[in-house]
Amino acid sequence: METTATAIKIEKIKTSKISQVDFDNLAFGSVFTDHMLVCDYKNGAWQTPEIMPYQAISLEPSAKIFHYGQSIFEGMKAYKDDHGDAFLFRPSDNHRRLNISANRMCIPEIPKAYFMDGLKELINLDKDWIPQKDGSSLYIRPFIFASGKGFHASPADEYKFLICLAPSGAYFSGKVKVLIEETYSRSANGGVGFAKTGGNYAGQFFPTQLAVKEGYNQVIWTDDNTHENIEEAGAMNIFIRINDTLITAPTSDRILDGITRKSILEIAQAEGIRTEVRKITVPEVVEAAKNGSLKEMFGAGTAAVVSPIAAFGYRGTDYDLPELTDSYASRFKKIITDIQYNRSEDPFGWRQKV
Ligand SMILES: *Cc1c(COP(=O)(O)O)cnc(C)c1O
């Protein structure tokens, strides 16, 4: 057992599993590295974080996570450059957002040092697991859940904060066909849509399955009240390009404040691309599709960076988007990944060496 400067207990695995992994065929988030970080919250305080071999954890059947869904998570990545150095992208923003989610779900905030030092220590230990192939990366999943026991519907008194790492191959979403959803809602005014909390995603599975049965890959979420305003693309933020203007919905308590979304907005500004952060309605997009001014729609999120939409369905009609050779989506993807993989300057100060 070792102890680091920031008092993280480290128990190393005896024999690494890395030689058993086929790095050329990595399904997203299905293979895990040798180690994980675990930190317990009890007696009103976060205890010393521990890094240990990746393993199952045991919980009381009455643990509140199982009954009341008190759980939050983050999604981020570590990237390796040609020299083998490892980098994170805007990691402080993930920490900040985890605590925003924590507050909404009555989960105690995780101190920044525990998050950042624990993350860096863990990544350094499992650095060999960061794939070096272009587009591949190490997906990072920090999460907190209620481990405290009892059937009473109230916040738990004990929590666990974990970080697990999953090497992942390049994310090719292919041609995504989406359905504009008018029956189900992802989130509501005053709800928890802005938090990365488990139930938000469980609630998406059923409407998404219905859309898949109809031949679509994903749903486009509209606002719960009127179903007129376009808000998100599955578990990604959405951008719509009409002529040369890039439009995205303003964040609210219904919309997740994505780090990819805000990075794209900053890059667009630097590139002189006109952006509008405003409500955008389905009729406006349908009209633009009909008159040819609709140029692009794409999702934005950490996993895929950008996920171009090839067509959208609305009230029984499918509308195709044009195939562009020099799309905004591919421009943003190149600029962002060049920064992430240390292939370009980082004028925004987003890249952080591990
Ligand atoms: C995580 C997430 C996003 C994207 O956030 P990033 O920080 O860009 O990864 C967008 N929408 C939803 C609903 C999300 O859960």
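When a ligand or atom number is given, it counts from 1 through the structure's own listing order.
Given atom 8 (O) of ligand 1, the protein heavy atom at minimum distance is T260 OG1, 2.6 Å. Here the protein heavy atom with the shortest distance to atom 1 (C) of ligand 1 is K196 NZ, 1.3 Å. Of the protein's heavy atoms, A235 O, 3.5 Å lies nearest to atom 3 (C) of ligand 1. The closest protein non-hydrogen atom to atom 9 (O) of ligand 1 is T302 OG1, 2.6 Å.
The shortest N or O to N or O distance between G75 and ligand 1 is not under 3.5 Å. Between D257 and ligand 1, no N or O atom pair is found at a separation short of 3.5 Å. Note: an N/O pair closer than 3.5 Å links R97 and ligand 1 by distance alone. At least one N or O atom of Y201, backbone or side chain, sits closer than 3.5 Å to an N or O atom of ligand 1. Polar contact check, R186 against ligand 1: no nitrogen or oxygen pair lies under 3.5 Å apart.
At a cut-off of 3.5 Å, with distance as the only test, a side-chain donor of D223 or T226 sits close to an acceptor on the other residue. For the residue pair S263 and R90, a side-chain donor N or O sits within less than 3.5 Å of a side-chain acceptor on the partner.
Aromatic pair Y79/F89: ring centres not closer than 6.0 Å.
Using cut-offs of 30° and 60° for the angle between ring planes, the W129 and F23 rings count as tilted. In this structure, F332 and F298 have tilted ring planes: the angle between them lies in the 30° to 60° band. The aromatic rings of Y54 and F32 lie parallel to each other, their planes meeting at an angle below 30°, with 60° marking the opposite boundary.
Taking a cut-off of under 4.0 Å to the non-hydrogen atoms of E232, the atoms of ligand 1 that pass are 10 (C), 11 (N), 12 (C), 13 (C). Close contacts between ligand 1 and G258 involve ligand atoms 5 (O), 6 (P), 7 (O), 8 (O) [criterion: under 4.0 Å to a heavy atom].
Listed by chain and residue number, K160 satisfy the side-chain hydrogen bond (donor to acceptor under 3.5 Å, both in side chains) test with D40 (two or more places apart in sequence, or in another chain).
At least one donor-acceptor pair under 3.5 Å links the side chain of D126 to the backbone N or O of H35.
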